[in-house]
Amino acid sequence: MSSFDEMDAFESASLSARAMAARPAPYLDGLNPAQRAAVEQMDGPVLMLAGAGTGKTKALTTRIVHLMATGRARPNEVLAVTFTNKAAREMKNRVGQMLGQQVEGMPWLGTFHAICVKLLRRHAELAGLKSNFTILDTDDQLRLLKQLVAADGIDDKRWPARMLSGIIDGWKNRALTPDKVPAADAGAYNHRGVALYTQYQTRLKELNAVDFGDLLLHMVTIFQTHEDVLAQYQRWFKYILVDEYQDTNVAQYLWLRLLAQGHKNICCVGDDDQSIYGWRGAEVGNILRFETDFPGSHVVRLEQNYRSTPHILAAASGVIAGNEGRLGKTLWTEATEGEKVRLIGHWDGEEEARWIGDEIEAMQRGTRGMDPIDLDRMAILVRASHQMRAFEDRFLTIGLPYRVIGGPRFYERMEIRDAMAYFRVVTSPDDDLAFERIVNTPKRGLGDKAQQKIQVTAREHGVNLVEGARILLAHDGLGGKGGAQLRRLIDGIDRWNKMLRGPAMPVQTDSEVLDDESGPARVEYGPPEISHVELAEIILDESGYTGMWQNDKTPEAPGRLENLKELVKALEQFENLQGFLEHVSLIMDNESDDGGAKVSIMTLHAAKGLEFPAVFLPGWEDGLFPSQRSMDESGIKGLEEERRLAYVGITRAEELCTISFAANRRVFGQWQSSMPSRFIDELPEDHVEVLTPPGLYGGGYGAAGMAATASPKMQDMMRSDLHEKAAEANVYNSPGWRRLQARSGQRGVSQPSEARNVVIDMNAVSSFVMGERVFHQKFGYGAVIGIEGDKLEVDFEKAGIKKVVSRFLTGCDDVPF
DNA sequence: TACATAGTAGTTTTT
DNA sequence: CTACTATGTA
């Protein structure tokens with residue numbers, strides 16, 4: 001089926017390539033020699049190794065322009081892939097800018113996923129799907145898996161569906177269909193993994209749905225099994241460009257390799273030192289292997305950095321040098337020295353937040369002869385999102401405007417997902433997951449029992465849930481209130497569905513229209529009588545969904561109604577509901593923000609690709625950063641990825657980079673003491689200035705301040721001394737330690753000898769003794785009257801005698817010791 | 001069926 | 001400590 005003719009018709013550019021080729025190429029002037037080489041080497045495989053801040057987007061966009069200007073390819077013959085919509089948008093804008101808006105658009109510039117959707121819609125039938133398939137998000141995916149796991153009689157406790165979801169994603173990332181899963185993985189998920197994966201894929205087909213991983217997987221499979229289809233695209237895409245190549249997974253790699261096989265005109269841009277998505281299936285190996293994968297390739301290194309000061313670059317280089325097997329780059333800059341990277345230790349997380357808050361305010365005013373820095377130009381980059389809370393709390397109390405990037409996203413909010421589930425049921429009745437979501441929202445008196453009946457009926461008749469419900473009602477299978485309510489819902493869905501499609505028209509024969517966006521569609525209905533925006537309002541209204549929130553008295557209800565309004569407004573920008581739903585499933589970013597100047601708080605992952613004059617990097621403690629879990633799960637590989645994360649963090653800074661750590665932190669309500677991160681030891685001391693935290697009197701920690709004036713050698717010693725001191729200070733002063741110490745006679749608790757990562761569990765089983773006064777969140781104060789393993793019998797003053805797990809008890813601080 | 005309570009688990013997350 | 005899930009009770 002092909003639609004290359006259509007592509008021509010629909011997507012041909014208004015650019016006259018030949019006309020441009022005749023002129024000189026002024027766009028090449030602003031490039032440095034390396035960038036220029038990367039642009040001008042158009043044929044054959046090219047690997048552009050682009051360090052942080054070396055102008056790779058510029059090189060990439062110029063290359064696209066050059067391809068068109070020299071007449072090598074038309075805009076619709078260039079395949080340019082990115083990972084994020086943001087990157088795609090930026091590239092589109094910049095190409096457009098350089099060409100002076102002469103190009104209509106590049107239909108094949110987009111994210112891997114967006115491009116695969118487009119392709120898969122054209123060839124859906126080859127994957128056993130209809131071209132209007134739905135794209136499930138991770139939430140739907142998990143719910144579906146839960147159903148399958150439950151049906152299999154598996155104990156969700158021991159084998160959580162989330163785990164299975166991770167395993168399946170892992171397989172899909174490696175482009176493994178169920179039949180290709182290697183024998184070594186057969187034991188996965190209690191030996192049921194492969195079977196459930198098979199069931200899951202079958203179920204997805206029944207639902208006419210795909211998950212994110214499928215978009216790639218299906219296309220790779222189609223390319224592998226349908227030579228003709230592959231050949232078409234190999235011919236069509238004359239040049240291929242890939243951004244952030246270090247983040248590609250196996251499936252993406254195979255997809256690219258298949259497409260590039262013919263002409264091998266593939267240009268991959270990336271930086272092995274910025275590969276931070278290994279945990280998501282990215283294979284640094286892809287970029288490391290490029291030269292062997294594509295023999296005869298040209299490698300271009302972009303090493304001139306236009307972003308950061310020499311101190312910052314040196315600090316980043318020092319840290320990343322600890323990794324092995326790098327392709328290796330040496331970043332350099334013409335910039336003048338600037339400030340050293342600043343390092344500061346704090347007593348605890350709250351103090352760290354306080355200090356950073358003060359520092360930001362000082363910098364905003366302009367301090368120590370430095371020009372004032374706008375809040376917009378400062379960022380706090382954390383390893384884990386839970387670190388953000390300390391900053392939010394602090395900034396709220398001092399009234400410092402901040403913005404959290406990458407928090408709960410608009411389209412992930414409950415009310416938005418509910419509303420969209422309604423739209424999905426109306427637009428694609430096979431979408432059982434959407435139906436399940438809304439069948440009892442708002443409450444319709446349809447509980448587990450009733451839903452069970454609908455499921456059974458649907459399965460018996462081999463139809464979707466909407467039809468199942470209809471049959472059930474027709475056979476009087478559901479009486480009472482629930483039945484009547486269900487009737488109303490089904491009637492509603494039918495009515496809305498009619499409004500969506502417009503009045504039925506006599507079926508016109510031979511009128512298959514190929515719509516480039518959504519694939520072939522048979523014309524059977526007249527134009528809708530109302531707009532999709534109105535329809536959306538009607539659906540939300542008549543279903544009682546809006547009413548549900550209007551009647552809700554909880555404080556967040558008004559906000560949710562506001563969000564629903566926003567959702568309806570967002571609909572205006574789309575031609576129909578389907579278009580909107582697809583947009584939402586692929587575009588999960590949340591760009592909307594009121595303009596005011598604010599400090600940005602985000603994770604290191606979210607910061608990739610961004611830059612700020614002033615950057616704060618808090619929480620550099622072993623266990624937090626590098627993350628313990630990362631190291632436990634992936635060992636040295638995990639540690640190296642953490643190190644790359646540190647590299648990414650430091651290289652975000654243009655002028656000023658401040659790294660900090662806290663000796664104590666409250667984690668899940670318990671105090672935890674940590675050593676400063678090992679990455680701190682890896683910072684080259686010549687480029688680091690150690691600051692003294694305020695309010696610390698003598699001993700312990702002041703050493704850090706003194707170190708600043710000491711000789712480098714001495715500094716080094718003192719810095720490692722700082723580790724010891726911090727650990728000691730913590731251990732002896734934390735409430736938990738005092739408690740353990742008090743009881744060490746009875747319990748034989750010994751002093752931890754290893755300094756690294758000392759965790760004190762105040763609520764450890766062994767720390768409770770008979771007769772001890774304890775506190776329980778719900779029951780209040782009481783005395784321990786019995787101990788059985790980790791269960792304690794406690795006589796509460798108000799609540800009486802209860803058996804409680806020791807975790808839920810806290811000893812009282814007034815215990816004498 | 002719906003709500004309250006007990007229990008449990010708890011990175012990073014471009015699409 | 002918090003946010004979610006499973007269980008028990010009205």
Side-chain angles (χ1 to χ4, degrees), chain A residues 81-88 110-117 135-138 141 146 156-157 160-162 166 169 172-173 210-216 243-244 246-249 251-252 276-282 381-390 405-409 411-412 440 443-451 480-482 582-589 602-610 619 623-634 638 641-642 644-645 648-649 665-671 763 776-779 791 802-805 807-808 810:
Chain A
V81 218
T82 65
F83 273 84
T84 66
N85 292 295
K86 205 169 145 199
T111 63
F112 275 102
H113 296 268
I115 290 170
C116 281
V117 171
I135 304 160
L136 300 186
D137 60 26
T138 43
Q141 186 187 358
K146 273 198 175 139
D156 191 74
K157 279 269 162 53
R162 186 172 289 284
D169 278 347
K172 289 189 175 178
N173 286 336
V210 298
D211 62 22
F212 283 125
D214 280 339
L215 293 172
L216 258 302
D243 193 16
E244 307 280 17
Q246 77 281 352
D247 288 335
T248 49
N249 61 32
Q252 288 156 341
I276 56 175
Y277 283 102
W279 52 274
R280 249 182 134 280
L381 312 182
V382 297
R383 172 68 248 261
S385 50
H386 63 75
Q387 289 173 262
M388 293 180 181
R389 189 177 327 182
I405 304 218
R409 290 177 282 206
Y411 294 118
E412 276 169 11
N440 200 31
K443 295 264 148 55
R444 294 192 175 88
L446 298 161
D448 286 347
K449 275 271 164 56
Q451 292 187 39
K481 233 174 161 180
E582 173 158 323
H583 167 84
V584 167
S585 56
L586 290 176
I587 301 192
M588 296 299 267
D589 58 355
M602 68 187 94
T603 62
L604 287 161
H605 285 90
K608 193 167 85 163
L610 304 178
L624 179 58
F625 187 44
S627 128
Q628 192 59 51
R629 191 153 153 191
S630 206
M631 294 186 292
D632 290 349
E633 277 174 11
S634 318
E641 183 154 312
E642 296 286 309
R644 292 192 289 267
L645 213 37
V648 166
R665 214 174 268 282
R666 249 185 119 84
V667 183
F668 307 141
Q670 295 173 46
W671 281 102
N763 305 320
H776 185 274
Q777 190 68 41
K778 295 251 154 58
F779 305 137
K791 288 221 169 61
K802 303 251 183 224
K803 276 201 182 153
V804 196
V805 178
R807 290 199 55 197
F808 295 94
T810 323

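This is a predicted model, so every value here is computed, not measured. All chains are named by letter (A, B, ...) in the order of the sequence lines, taking the proteins before the strands, and each is independently numbered beginning at 1. Just so it is clear, the values below take in all heavy atoms, side chains as well, and ignore hydrogens, waters and symmetry mates.
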Practice problem: Could you tell me whether the side chains of A:Asp137 and A:Gln141 share a donor-acceptor contact shorter than 3.5 Å? | Solution: no
Quiz item: So, the side chain of A:Asn249 versus the backbone of A:Gln252: is there a donor-acceptor pair under 3.5 Å, distance only?
Solution: yes
Exercise. Specify the residue among A:Ser627 and A:Thr138 whose closest nucleotide of DNA chain B lies further upstream toward the 5′ end.
Key: A:Ser627
Self-check item: side-chain contact (heavy atoms from CB on, under 4.5 Å) evaluation trace for A:Glu642 with A:Arg383
Solution: CA-CA 9 Å; A:Glu642 296 286 309; A:Arg383 172 68 248 261; 2.6 Å; yes
Practice problem: Calculate the interatomic distance between A:Asp137 atom CG and B:dT13 atom C1'; express it in whole Å. | Solution: 13 Å
Practice problem: With heavy atoms under 4.0 Å as the rule, sort A:Tyr277 into base, sugar-phosphate or nothing. | Solution: base
Practice problem: Assign A:Glu641 to base, sugar-phosphate, or nothing according to its heavy-atom contacts below 4.0 angstrom with the strands shown. | Solution: nothing
Quiz item: Got a minute to check which stems DNA chain B is part of, using Watson-Crick or G-U wobble pairs under 3.5 Å, three or more consecutive?
Solution: B:1-10 with C:1-10
Exercise. Only one of A:Leu381, A:Leu604, A:Thr603 passes side-chain contact (heavy atoms from CB on, under 4.5 Å) with A:Leu645; say which it is.
Key: A:Leu604
Quiz item: Of A:Lys449 and A:Ile276, whose closest DNA chain B nucleotide lies nearer the 5' terminus?
Solution: A:Lys449
Quiz prompt | Interatomic distance where CZ belongs to A:Phe83 and P belongs to B:dT15 [whole Å] | solution = 11 Å
Quiz item: The side chain of A:Phe668 lies closest to which of these nucleotides: B:dT13, B:dA2, B:dG10?
Solution: B:dG10
Quiz item: In whole Å, what is the span from the NE2 atom of A:His113 to the P atom of B:dT13?
Solution: 16 Å
Quiz item: What's the CH2-P distance between A:Trp671 and C:dC1, to the nearest Å?
Solution: 12 Å
Exercise. From the options C:dT5, C:dC1, C:dT2, select the nucleotide whose nearest atom is closest to the side chain of A:Arg389.
Key: C:dT2
Self-check item: Side chain of A:Arg383 (C-beta onward), nearest among B:dT11, B:dT1, B:dT15
Solution: B:dT11
Practice problem: Round to a whole Å and report the spacing from CG of A:Leu645 to C1' of B:dT13. | Solution: 12 Å
Exercise. Grab the CG-P distance between A:Asp448 and B:dA2 for me, whole Å please.
Key: 10 Å
Self-check item: Any side-chain heavy-atom pair of A:Gln246 and A:Ile276 under 4.5 Å
Solution: no
Practice problem: Among B:dT15, B:dT12, B:dC3, find the nucleotide with the atom closest to the side chain of A:Lys443. | Solution: B:dC3
Quiz item: What nucleotide among B:dC3, B:dG10, B:dT15 has an atom nearest to a side-chain atom of A:Arg629?
Solution: B:dG10
Exercise. Could you tell me whether A:Asp247 contacts a base, only the sugar-phosphate backbone, or nothing, with contacts defined as non-hydrogen atoms closer than 4.0 Å?
Key: base
Quiz item: Under the salt bridge (charged side-chain N to carboxylate O under 4.0 Å, His left out) test, which residues partner A:Arg444, sequence neighbours left out?
Solution: none
Exercise. Counting heavy atoms from C-beta on, name the nucleotide in C:dC1, B:dT15, B:dT12 closest to the side chain of A:Thr603.
Key: B:dT12
Quiz item: Is it the case that more than 12 heavy atoms not belonging to A:Asp448 sit under 6.0 Å from its CG atom?
Solution: no
Practice problem: Answer yes if the ring centres of A:His605 and A:Tyr277 are under 6.0 angstrom apart, and no otherwise. | Solution: yes
Quiz prompt | Any A:Ser630 side-chain N or O less than 4.0 Å from OP1/OP2 of B:dT12 | solution = no
Quiz prompt | Atom pair distance, as rounded to whole Å: CD in A:Glu633 and P in B:dG10 | solution = 11 Å
Practice problem: Identify which nucleotide among B:dA2, B:dT13, B:dT12 has an atom closest to any side-chain atom of A:Arg280, counting heavy atoms from C-beta outward. | Solution: B:dT13
Practice problem: Starting at atom CZ of A:Arg444, determine the distance to atom P of B:dA2, rounded to an integer number of angstrom. | Solution: 12 Å
Quiz item: Do A:Arg280 and A:Asp247 meet the salt-bridge criterion of a basic N to acidic O distance under 4.0 Å?
Solution: no
Quiz prompt | Proximal nucleotide (of C:dT5, B:dT12, B:dT15) relative to the A:Lys146 side chain | solution = C:dT5
Quiz item: Base, sugar-phosphate, or nothing for A:Asn440, non-hydrogen atoms under 4.0 angstrom?
Solution: sugar-phosphate
Quiz item: Of all the nucleotides listed (B:dT11, B:dC3, B:dT15), which has the minimum atom distance to the side chain of A:Asn85?
Solution: B:dT15
